[in-house]
Amino acid sequence: MTRIAYLGPPGTFGELAAMQYDPAAELMPFPSHAAVAAAVESGMADLGVVAIENLINGSVQETLDILIHETDLQIQAELVVPVRHNLVAKPGTRPADVRVIYSHPQALGQCRKFLERCFPHAQAEAALSTTEAVELALRRNGDAAAIATERAAQLLGAEVLARDIQDSENNVTRFLVLGRGLPAPTGRDRTSIAFTFAEDRPGALASVLNAFAAANINCTKIESRPTKATFGEYVFLIDFEGHQQDPAVRDVLERIRPLCAELKVFGSYPRAL
Ligand SMILES: O=C(O)C(=O)Cc1ccccc1
């Protein structure tokens, strides 16, 4: 049976994503995305599921940084998971008594308008995951709530005070499945890369983008993160359509390699969108 590491405890969106990917898998909860990646690297798990991008908040920077700096695992797949948030609390809690609202920072960000409108005086507190947030709220005396999945509320015996509190009705999160090896091309794939430049010069980034344009390869995302070494220097990340084994992709990677100081390929995997 495939063992899949995810950001737990059970009831999180990470668990929903892992179940969506493989309903028959053995699921292994870990307390952070870094621990999820480490579990796959150590061989404790076969695959790891991590959140990479949300419709409302954009990229999950913690995951981008893990891919850039902390792991050589390859992306095996992407999953798009509907994300509906609920305000949950110890049974009997009155909304008027709620002073503290716990959740994962992603969830707090995705419910910003609801929090401002309905709980302008409550304090938002970060938790390691949405399920941990429910555990923290249940430990207090009726003055706390959490933003979490309905499943977490059921598993922990919490009451749902409000449903669908996310800022966008169509809220979704894209998750990545990390593992070893290169999935075979399907004809509808995406490749993710990161690169740096040796020196700051006019047109450096344009020269890379022009190589994609010349090869008629569609870039689906571009992003930058600090190198964490020198202020003002960045790692650029590009997602594009195609697979490393497609001749056109192989060709474009060969063209851009000499333009970059470092080039890291995070993987080629079937497109979910
Ligand atoms: O804490 C969770 O449930 C997670 O899996 C992280 C997360 C939080 C909110 C939206 C998507 C993922």
Side-chain angles (χ1 to χ4, degrees), residues 3-23 25 27-40 45 47-67 70 75 77-89 100-115 124-139 144-156 158 160 162-178 221 272-273:
R3 298 160 305 167
I4 305 185
Y6 70 96
L7 175 65
T12 60
F13 291 98
E15 190 200 35
L16 294 180
M19 293 192 300
Q20 178 175 319
Y21 181 66
D22 182 354
L27 302 184
M28 303 173 70
F30 287 87
S32 68
H33 281 146
V36 167
V40 183
L47 298 170
V49 167
V50 291
I52 184 75
E53 184 181 6
N54 174 262
L55 177 107
I56 299 167
N57 286 344
S59 288
V60 179
Q61 300 186 342
E62 178 201 4
T63 302
L64 296 180
D65 288 351
I66 290 169
L67 289 168
E70 288 174 35
I75 304 169
E78 65 176 5
L79 302 159
V80 174
V81 178
V83 170
R84 319 196 84 129
H85 289 298
N86 306 277
L87 189 73
V88 313
V100 182
I101 299 178
Y102 295 99
S103 203
H104 187 277
Q106 274 292 325
L108 293 170
Q110 291 163 32
C111 302
R112 187 179 55 82
K113 289 188 197 161
F114 170 85
L115 293 174
E125 286 274 354
L128 290 174
S129 71
T130 51
T131 299
E132 197 216 27
V134 181
E135 293 172 350
L136 293 171
L138 290 177
R139 274 192 224 144
I147 297 172
T149 64
E150 190 161 8
R151 175 171 159 77
Q154 277 166 4
L155 289 173
L156 297 175
V160 177
R163 277 173 216 283
D164 268 331
I165 61 170
Q166 67 281 350
D167 290 352
S168 163
E169 214 179 304
N170 314 319
N171 189 28
V172 290
T173 294
R174 192 160 63 95
F175 287 83
L176 299 178
V177 180
L178 304 181
K221 186 161 183 260
L273 290 168

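Indexing begins at 1, ligand by ligand and atom by atom, following the structure's order.
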> Can a donor-acceptor pair be found between the side chains of Gln110 and Asn171 at a distance below 3.5 Å?
Replying inline: yes

> Ring centres of Phe175 and His33 under 6.0 Å apart?
Replying inline: no

One line per pair, note the atom names and distance for all nitrogen or oxygen contacts under 3.5 Å between ligand 1 and the protein.
{"unit_1": "ligand 1", "atom_1": "1 (O)", "unit_2": "Thr130", "atom_2": "N", "d": "2.8"}
{"unit_1": "ligand 1", "atom_1": "1 (O)", "unit_2": "Thr130", "atom_2": "OG1", "d": "3.4"}
{"unit_1": "ligand 1", "atom_1": "3 (O)", "unit_2": "Phe13", "atom_2": "N", "d": "2.9"}
{"unit_1": "ligand 1", "atom_1": "3 (O)", "unit_2": "Thr130", "atom_2": "OG1", "d": "2.5"}
{"unit_1": "ligand 1", "atom_1": "5 (O)", "unit_2": "Gly14", "atom_2": "N", "d": "2.9"}

> Between Glu150 and Arg163, does at least one N-O distance fall below 4.0 Å, as a salt bridge requires?
Replying inline: yes

>> Exactly one of Asp167, Asn57, Ile56 should register a side-chain contact (heavy atoms from CB on, under 4.5 Å) with Arg112. Which one does?
In response: Asp167

>> So does Asn170 get a backbone contact from the side chain of Ser168, meaning a donor-acceptor N/O pair under 3.5 Å?
In response: yes

>> Exactly one of Asp22, Val177, Val36, Val40 should register a side-chain contact (heavy atoms from CB on, under 4.5 Å) with Leu47. Which one does?
In response: Val177

